[in-house]
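Below is one structure, written out as structure tokens; comments come after it.
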Amino acid sequence: MTFASPNHHPVDPTKLEKLAEVAVKVGLQLQKGQDLVITAPVVAMPLVRLITREAYKSGAGLVTAFYSDEETTLARYEYGHDESFDRASSWLYEGMAKAYANNAARLAISGDNPMLLSGQDPAKVARANRANSAAYKPALEKISNFDINWNIVSYPNPSWAKLVFPDDPEAIAVAKLAKAIFAASRVDVPDPISAWAEHNANLRKRSAWMNGQRFATLHFRGPGTDVKIGLADGHEWHGGASVAKNGITCNPNIPTEEVFTTPHALRVEGYVSSTKPLSHQGTLIDNIQVRFEGGRIVEAKASRGEEVLNKVLDTDEGTRRLGEVALVPHSSPISASGILFYNTLFDENASCHIALGQCYSKCFIDGATLSQEQIKAQGGNSSLIHIDWMIGSDKVDIDGITPDGARVPVMRKGEWA
């Protein structure tokens with residue numbers, strides 16, 4: 001592949017069209033007459049246009065896109081009044097929540113510069129994140145509770161590409177990142193729709209095995225990690241395509257390699273170390289080490305971004321507890337690529353991971369019928385945030401522990417046992 005020349009665009013237009021088709025037909029399975037809300041960086045406009053076209057071809061009602069821009073975000077930190085960092089556009093998120101309550105689908109295009117805010121005041125970043133999380137909660141609840149069909153895909157933003165491939169000229173870096181995105185998203189094959197059907201079937205088999213075991217606890221052991229993660233009462237494992245409460249089957253994350261469930265918010269004991277950096281709201285947090293007691297993080301440190309990490313952990317009571325545990329083999333295609341994406345959507349699918357904060361109500365047996373009080377009683381966590389970070393590698397072993405204390409190998413050296 002010729003990566004860049006005066007007449008060659010670094011992003012393959014044919015594969016970009018395939019990604020748009022997969023986003024609408026596999027990621028969302030958008031229904032005739034259904035509205036669609038899109039959020040995207042402004043540099044992803046080429047993909048937004050293709051997805052919009054594909055959505056209307058599939059019979060979409062109304063497609064509405066909202067854009068973010070790096071320069072305008074930075075302008076806030078350079079010129080914004082101090083009190084503005086405790087505010088967020090709640091009116092916008094209330095409108096999104098209303099759209100989702102009316103059965104609009106949601107599609108997010110990721111690709112923001114992971115280091116955008118690394119040079120800004122961590123206190124202001126934390127305040128803005130907290131205000132944004134609080135304002136976004138009405139919309140987030142519709143998503144995290146799977147009320148609607150939703151999906152996330154990615155676009156190779158040049159600033160993101162230069163972080164992933166720092167030694168290459170921008171056009172070549174963008175081309176390399178685009179190629180990696182297309183491969184991970186399974187759109188570099190002749191029939192992506194069929195490829196996704198096969199992949200979803202494999203993830204269903206893994207989920208079914210885990211559900212059949214009815215483990216009470218998962219025990220992770222590896223360098224810097226020895227943690228027992230209790231699983232919520234009546235938990236259910238999921239992977240790949242999922243049925244939302246509106247009855248539509250969707251693939252929320254493209255790419256995805258994980259099977260995941262809800263931990264018990266009060267039953268996590270031990271210590272765990274991250275195996276990849278976490279990119280959170282424009283800040284890179286690296287070498288995270290935390291210790292749990294009674295399900296709660298009581299000690300946390302990081303070699304980079306520690307101040308931001310600790311401010312995140314103070315967002316609310318649920319932030320220091322887990323909302324998700326996910327299993328991903330070290331040999332997953334994203335891991336095998338050897339690329340560190342600095343993007344959770346990709347890096348979490350190269351490694352087993354956990355998430356701080358809000359749980360997914362769908363990860364309970366009959367979760368769609370459970371009230372928030374019932375979910376809490378069964379161990380589900382509640383929070384303004386949901387932040388995934390990576391704890392798996394080829395040096396990590398996982399045992400499942402049954403209610404009677406028996407141990408069953410789940411993963412050995414990062415691979416399914």
Side-chain angles (χ1 to χ4, degrees), residues 37-48 64-96 108-137 139-140 152 154-171 173-174 177 277-288 302-316 319 340-345 347 356 384-387 389:
V37 176
I38 301 174
T39 58
V42 71
V43 295
M45 185 76 77
L47 180 56
V48 174
T64 306
F66 297 92
Y67 297 95
S68 60
D69 172 66
E70 292 180 8
E71 291 301 317
T72 52
T73 298
L74 289 174
R76 178 188 187 188
Y77 284 89
E78 186 170 356
Y79 302 110
H81 293 288
D82 183 71
E83 61 270 19
S84 74
F85 292 96
D86 297 311
R87 297 181 57 205
S89 300
S90 55
W91 56 269
L92 174 61
Y93 298 133
E94 287 167 5
M96 288 182 177
I109 299 176
S110 76
D112 293 319
N113 177 2
M115 298 291 288
L116 181 64
L117 302 180
S118 60
Q120 304 305 317
D121 179 356
K124 286 184 177 180
V125 173
R127 287 164 58 198
N129 288 346
R130 181 183 175 87
N132 203 62
S133 295
Y136 188 49
K137 190 173 185 182
L140 178 63
I152 306 176
S154 291
Y155 186 83
N157 183 345
S159 58
W160 175 25
K162 280 294 291 176
L163 181 64
V164 178
F165 300 105
D167 298 329
D168 292 308
E170 184 178 284
V174 169
L177 182 56
L278 165 64
S279 172
H280 175 65
Q281 303 279 1
T283 301
L284 203 66
I285 308 172
D286 203 4
N287 295 314
I288 301 170
S303 65
R304 180 177 188 172
E306 183 173 308
E307 185 176 356
V308 171
L309 172 64
N310 280 295
K311 288 185 182 298
V312 167
L313 291 174
D314 290 333
T315 301
D316 58 36
T319 313
L340 179 61
F341 286 88
Y342 301 97
N343 178 302
T344 300
L345 179 62
D347 291 335
L356 306 172
L384 293 172
I385 66 164
H386 179 96
I387 300 175
W389 52 285

Close side-chain approach of [X] and [Y], heavy atoms under 4.5 Å:
X      : Y      : result
Ile285 : Trp389 : no
Phe85  : Tyr77  : yes
Asn132 : Tyr93  : yes
Ile387 : Thr319 : no
Ser279 : Leu284 : yes
Asn310 : Leu313 : yes
Lys311 : Asn129 : no

Compare every heavy atom of [Y] with every heavy atom of [X], then report the nearest pair and how far apart it is.
X      : Y      : result
Arg130 : Asp314 : NH1-O, 3.4 Å
Ala131 : Ala88  : O-CB, 3.5 Å
Asn343 : Gly111 : ND2-N, 4.3 Å
Trp160 : Pro156 : CE3-CA, 4.3 Å
Val164 : Leu340 : CG1-O, 3.7 Å
Tyr155 : Val43  : CE2-O, 3.3 Å

Rounded distance (nearest 0.5 Å) linking atom [atom1] of [X] with atom [atom2] of [Y]:
X      : Y      : atom1 : atom2 : answer
Ile288 : Leu278 : CD1   : CG    : 5.0 Å
Ser154 : Phe341 : OG    : CZ    : 9.0 Å
Leu74  : Leu117 : CG    : CG    : 6.5 Å
Ile152 : Thr39  : CD1   : OG1   : 8.0 Å
Met45  : Ile109 : CE    : CD1   : 10.0 Å
Ile385 : His280 : CD1   : NE2   : 6.5 Å

Got a sec, which residues hit salt bridge (charged side-chain N to carboxylate O under 4.0 Å, His left out) with Asp316, two or more places apart in sequence or on another chain? none
Say whether, by atom type as modelled, one donor and one acceptor occur between the side chain of Lys162 and the main chain of Asp168 under 3.5 angstrom. yes
Suppose the criterion is salt bridge (charged side-chain N to carboxylate O under 4.0 Å, His left out): which pairs have a residue in residues 69-82, not counting sequence neighbours? Asp82-Arg127
